[in-house]
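Below: the structure, in structure tokens.
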Amino acid sequence: MAINKKNTNTVKDTTSTKQVIKVNAYETPDSVLDLMSRICSAKPTAETDVYWSIINDAYNKEIRGKKLADFLRENRKDLWNQDFGHELSDLCRQMAWAISTRENTEHTQIVVAGGFSSGKSSFLNKLTHCTNLLPTGVEPVSVVKTYLYCSSRNNSITVKGVNLKNVLVTLDVGVLQAIQHASKSNIYLTSVLEKLFVEIPSKELNGLVFIDTPGYNNSDTANESNNKTDRETALEALGEGNVLFWLIDCEKGTTVADDIQMIKQFDGKKVIIFNKADKKGVSESKKIVEEAANVLYKEFRKENIIDIIAFSTLDNRIYYSKNNYTIDKLVKLSRQCGNGKTAIENIKGDIEGLFDTEIQVSVNTIKGTKDEAGYEAELKECITRKDEYYKFWQNDKNDNDDFLELIRNIMVNNYSEVANAAKKNYDYADYAFEKWKEFHDSVIYFEENDHWGSSSILDRAISKSANAYNSKNKQFYGFNWNFYDEELRKDRFNVIKSELEKLNSHYQELYDDACKETQRLKDCIDKEKELQKRMSDYKDLFMAALTMGIKEYQRRNTATEVASGEHNNLNVFDSIKIDDYKTFLRCFENGVDLNSFNADGYSPLTLSVSMGNAAMVRFLLDKGASSSQNDKRGYNAFHTAVENQYRNICMMLLDDDPDLLGITTSKGETVEQLASKQTFDKWLQQEIDNAF
């Protein structure tokens, strides 16, 4: 068979020049779909049930015969915080959530936010000295919050993610680039990821975590990947940080209303960064910063704005700083805004504080405070009153006894004696008058009837005696002798006695009330001391259980591996031989030399051709593999395809380089000769005729 060629190329020898390419393994739909499947199906290595089991044991463990759960329920009305039980349960639920989320850190958290095309990712790549760590460009990128943890303890960049079931998974660094809206696969990895954690080795930024947020465009339209608006995602991030780095494209000029309204949603300190200052130059950048400062200082307290700068990611320099700060100074000031505590530590502090507050309030209730007396002061005062009332009561009782004895003697005993003596005197006088009257009447009778003589002296005596008798008789018998009888006097005495007893009883009641109040205060003090003791014991028990529950959960909870395929230890030639395209792609993450050869002399391209894997061939051609380059066998890709009768691959190669038809093997064999070895020559001759 004769072949007429327009050109006959010389044989290309095998070269030892390296041609190493690195490729993101997740740039094709099947790789991304496989990763998404692994992420979605990842199962947690531990559930929070282990934490709750330990917490519930603490609730139900008896201390001196009583469980914490029962104590809180039975003594709720006596607690200062009557919602103690509810708040403790709520904090335990918060802790369960905190230990199952991974953004908890003692690092100072810096939220990096701003509008679309403000250069946030480029800024972070430059700041962390990790070139191409985060995807950049004008197209919308990740809508997944990304946490960049910087620590001197990190040895390499590692990437982890949290899926929609809150499972932590390990990912390849290449996933960060694949997160953007892949133009080839048009698949959103973000739809199966809630957040990303990237650990970065950095001494300069040690103790900082940067929260990368999606570009904010103030749209009410939810993103297709996570069903959240940019505003919602940005606000979530703003609620987490200690410091805000708000980036604005210098070409927008000074701040605009939308920026200010979003910045107002952040309570902490802020750094306003006008990025891409290289496009404006120093003098224009200064003008932009100064004008922005006039606006911002009216909207925010000056001390809450760390600085306003014009920065160039391209030049990695500050063109103008309102406060004349360097990047290092801004980092230092930002780091100081953190409190060095994780969310877990904060919640533990809240739980401990819940117990401590009850204990302290109980102590204050007993001891008293600056503004209010405690039980002990009240008890001391009450004991003093009780002693005073007891003295009043006893003294009044003794005085009443003496007074009543005197009154009894006057009104009852002595009065009866006087009355009896008076009655006797009356009777004696009455008897004397009666006897004298008898004598007087006898003398008168004798004078009137048996007068045997008269005597003037006797007459005068009788007359004088008669006048005196009449006068005394009139006075004696005319006097109203009025004495109180004994029953009346006793009744009146009892009335006096009753009134005095009432008065004395009042003092006794005051004393009894003081005794009761004294006992009540003593009981209250004893109760408060018992509450203090129990709360202290329950606190020790509960905090120990809390620490144990957290540690046990964290010990069991490890990241689930989802990124690597089944044959992740194979090299590129092995993956081609077993026709594993996923592993084949992963081989390119660390770089593959397209001019390398296996033991049989095949290059990656010629081996892919020999295996008939058109997808691998297409991939290698797209990455610059030479279809005309001979391998160590002396065959190029087209020779190999012809030899193995792969028409589709031959067509692919010819489309890539039509001159392949005229290239011979290192042994001088033409493609016709290779084809004649098989029943492939007719088809090949037809293609040659069509070409020439």
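Side chains are part of it too, since the values below use all heavy atoms of this structure and drop only hydrogens, waters and symmetry mates.
Arg153 contributes no side-chain N or O that, together with a main-chain N or O of Asn206, makes up a donor-acceptor pair within less than 3.5 Å. Panel note: side chain Asn166, backbone Ser100; a donor-acceptor pair is recorded below 3.5 Å. Judged purely by atom type and a 3.5 angstrom limit, Tyr320 has no side-chain atom pairing as donor or acceptor with the backbone of Val282. Of the possible polar contacts, one joining the Ser334 side chain to the Leu330 backbone as a donor-acceptor pair under 3.5 Å is found. A distance-only check finds no donor-acceptor pair linking the side chain of Glu204 to the backbone of Val331 [under 3.5 Å]. Counting only distance, with no hydrogens or angles, the side chain of Thr213 and the backbone of Val112 share a donor-acceptor pair below 3.5 Å. Under a 3.5 Å cut-off, the side chain of Asn154 and the backbone N or O of Ile200 do form a donor-acceptor pair. Judged by distance alone, with hydrogens and angles left aside, the side-chain atoms of Asp172 form no donor-acceptor pair with the main-chain N or O of Val175 at under 3.5 Å. Put simply, the side chain of Asn644 never gets that close to the backbone of Tyr646: no donor and acceptor are under 3.5 Å apart. The closest donor-acceptor contact from the side chain of Asn125 to the backbone of Thr128 lies at 3.5 Å or more, if one exists at all.
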Would you tabulate the side-chain donor-acceptor contacts of residues 596-604 under 3.5 Å, counting partners in other chains and residues two or more places apart, or write 'none'?
{"unit_1": "Ser596", "atom_1": "OG", "unit_2": "Asp593", "atom_2": "O", "d": "2.6"}
{"unit_1": "Asn598", "atom_1": "OD1", "unit_2": "Asp600", "atom_2": "N", "d": "3.1"}
{"unit_1": "Asn598", "atom_1": "OD1", "unit_2": "Gly601", "atom_2": "N", "d": "3.0"}
{"unit_1": "Asn598", "atom_1": "OD1", "unit_2": "Tyr602", "atom_2": "N", "d": "2.9"}
{"unit_1": "Ser603", "atom_1": "OG", "unit_2": "Leu605", "atom_2": "N", "d": "3.4"}
{"unit_1": "Ser603", "atom_1": "OG", "unit_2": "Thr606", "atom_2": "N", "d": "3.1"}
{"unit_1": "Ser603", "atom_1": "OG", "unit_2": "Thr606", "atom_2": "OG1", "d": "3.1"}

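Between the side chains of Asp307 and Ser321, at least one donor-acceptor pair of N or O atoms lies under 3.5 Å. Judged purely by distance below 3.5 Å, without hydrogens or angles, the side chains of Thr146 and Asp212 never pair a donor atom with an acceptor atom. Residues Glu669 and Tyr635 bring a donor and an acceptor atom of their side chains to less than 3.5 Å of each other.
The closest side-chain heavy-atom distance from Ser118 to Ile248 is not below 4.5 Å. Looking only at side-chain heavy atoms (C-beta outward), Ile39 and Leu171 come within less than 4.5 Å of each other.
Remark: Thr45 pairs with Asn557, Thr558, Thr560 by the side chain to side chain contact (heavy atoms under 4.5 Å, CB included) rule, at least two apart or across chains. Phe588 meets the ring pair (Phe, Tyr, Trp, His ring centres under 6.0 Å) test with Phe584, Phe619; sequence neighbours excluded.
Of the charged side-chain nitrogens involved, none lies within less than 4.0 Å of a carboxylate oxygen, so that Lys332 and Asp328 do not count as a salt-bridged pair.
Taking both residues in full, the closest heavy atoms of Asn163 and Ala42 are given as ND2-O, 3.8 Å, listed atom of the first, atom of the second, then distance. Considering every non-hydrogen atom in both Leu653 and Leu660, the closest pair reads O-CD1, 3.4 Å.
Ring geometry for His107 versus Tyr149: interplanar angle over 60°, hence perpendicular rather than tilted (30 to 60°). Between Phe123 and Phe245, the ring planes lie perpendicular to each other; the angle is over 60°, past the 30° to 60° tilted range.
Asp259 CG to Ile272 CD1: the interatomic distance, rounded to the nearest 0.5 Å, is 8.5 Å.
Open room surrounds CG on Asn155; 12 or fewer heavy atoms of other groups in view lie less than 6.0 Å from it.
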